[in-house]
Structures are given as C-alpha cells and as structure tokens.
Amino acid sequence: IEMGPALALHTLVFFLVGQRWILHHNLFVLVDRVDRGLLWANLCALFFVTLMPLAAHLASEHPLGPLGAMTMCLAQAGLVMSVLWMTSYIDSRRDEPNEVEMLILRRSRISLGVQFVFLLVLVALCWTSPWFGYLGLIVIAIYHLWILGVTTGPDQLRELEASRAS
C-alpha cells in the first residue's frame with residue numbers, strides 16, 4: 001500500500017513517455033533528411049522525457065502537494081512543445097510533400113497545440129489541487145491510447161510508405 005502512489009505514477013509516466021516514443025517513431029517516417037536543426041529539436045524533446053521520472057518521484061514523495069503534479073505537467077508541456085517544433089521543422093524541409101504526409105503533420109500540430117494549452121491550464125490548476133494535474137495527464141494518456149491509436153495508426157503509415165514507393 002505504501003508503494004501504491006509511486007507505482008501508479010510510474011505507470012502513468014511509462015504510458016505518457018511510451019506514447020511520445022510511438023509518436024516520435026511515426027513522425028520520423030516523414031523525415032527526408034536529418035540535419036542539425038532536427039537533432040536540436042529531438043535533443044530538446046529528450047530533455048523533457050528525462051524530467052518525467054524526476055517529476056514522478058517528486059509527486060510520489062508529496063502526492064498531495066502541487067510541486068510533483070505541476071512538474072509532471074510542465075515536463076509534458078515542454079515535451080509537447082519540442083515535438084511541435086519537430087513537426088514544424090520536418091514540414092518546412094519536405095522535398096515533395098504529398099497529401100497524406102501533409103494531413104498527418106497538420107493533424108499532429110493541431111493535436112499537439114491543443115495538448116500544450118491543456119497542459120498549461122493544468123499547471124495553473126495544480127496550485128489549487130494536484131488532482132487536476134494527475135487527472136489531466138490520465139486524460140492525455142487515454143486520448144493517445146484511444147483517439148490517436150484509431151486515427152493515426154499503422155494504416156496511414158502503410159499508405160504513406162506505399163505512396164513514397166510509387
């Protein structure tokens with residue numbers, strides 16, 4: 001029972017980081033070439049990924065204090081902003097973008113923008129109660145598992161690879 005909050009937070013962080021890794025993998029299918037700018041955006045995203053375990057530790061040490069939940073939300077917001085930077089960077093350096101690639105990048109940017117604003121609102125709400133942050137992060141995890149898994153899944157990537165082959 002003592003490990004309950006820490007295990008719950010670890011599970012949440014695992015799913016959030018795992019979902020970003022899958023998004024990262026799907027995003028790099030669209031990359032024509034890697035250059036210094038893309039590497040810096042990727043490194044920035046990695047920085048925020050490494051903050052997630054620290055944030056989970058802070059939250060498990062003081063689950064009812066605002067610092068842990070707020071740090072988790074800020075780390076996710078930074079990660080979302082970094083991935084948004086990567087999508088814009090990839091889009092600006094496309095050699096010959098096709099309709100499917102443009103749709104995937106546009107949908108990703110819209111989704112990331114909404115998540116970023118949502119996370120900033122959660123950061124502010126964490127001052128009143130950390131449960132806003134925890135529940136908001138759970139909503140984001142469910143959103144990625146359910147909505148994004150259905151709309152930007154392997155079928156679109158197969159279609160993209162087929163269009164590149166032709």
At what distance, to the nearest 0.5 angstrom, does [atom1] of [X] lie from [atom2] of [Y]?
X     : Y     : atom1 : atom2 : answer
Leu9  : Met72 : CG    : CE    : 5.0 Å
Glu61 : Leu58 : CD    : CG    : 8.0 Å
Leu12 : Leu7  : CG    : CG    : 11.5 Å
Ile22 : Phe15 : CD1   : CZ    : 9.5 Å
Leu79 : Leu74 : CG    : CG    : 12.5 Å
Met81 : Met86 : CE    : CE    : 12.5 Å

Exercise. Around Phe14, counting heavy atoms of other residues, nucleotides and ligands shown, do more than 12 lie under 6.0 Å from its CZ?
Worked result: no

Exercise. Salt-bridged, Asp32 to Arg93, with N to O below 4.0 Å?
Worked result: no

Exercise. Under a 4.0 Å N-O cut-off, is there an ion pair linking Arg109 with Asp91?
Worked result: yes

For this session: Would you indicate whether the side-chain heavy atoms of Phe116 and Leu120 approach each other to under 4.5 Å?
Result: yes

For this session: Determine, stepwise, if the pair Phe118 / Ile140 fulfils side-chain contact (heavy atoms from CB on, under 4.5 Å).
Result: CA-CA 9 Å; Phe118 180 66; Ile140 289 174; 3.8 Å; yes

For this session: May I have the step-by-step check of side-chain contact (heavy atoms from CB on, under 4.5 Å) for Val13 and His10, ending in yes or no?
Result: CA-CA 5 Å; Val13 167; His10 177 79; 5.7 Å; no

Do [X] and [Y] belong together in a cluster built from hydrophobic side chains that touch within less than 4.5 Å?
X      : Y      : value
Val121 : Tyr143 : no
Leu64  : Ile138 : yes
Met70  : Val49  : no
Leu125 : Leu16  : no
Leu39  : Leu23  : yes

Heavy-atom pair with the smallest gap, counting every atom of [X] and [Y]:
X      : Y      : value
Ser82  : Phe48  : OG-CD1, 3.6 Å
Ala69  : Pro130 : CB-O, 3.6 Å
Leu112 : Val80  : O-CG1, 3.2 Å
Cys126 : Gly133 : SG-CA, 3.5 Å
Phe132 : Leu122 : O-CD2, 3.3 Å
Leu27  : Thr87  : CD1-CG2, 3.4 Å

Do the side chain of [X] and the main chain of [Y] share a donor and acceptor less than 3.5 angstrom apart?
X      : Y      : result
Asp35  : Leu38  : yes
Ser88  : Trp85  : no
Ser111 : Ser108 : no
Gln76  : Leu119 : no

For this session: Please report the C-alpha distance between Val139 and Leu135 in whole Å, then the side-chain angles of each, then the deciding distance to 0.1 Å, and finally whether the side-chain contact (heavy atoms from CB on, under 4.5 Å) criterion is met.
Result: CA-CA 6 Å; Val139 165; Leu135 291 175; 5.5 Å; no

For this session: Anything under 30° is parallel, anything over 60° is perpendicular, the rest tilted; go ahead and classify Tyr134 against Trp131.
Result: perpendicular

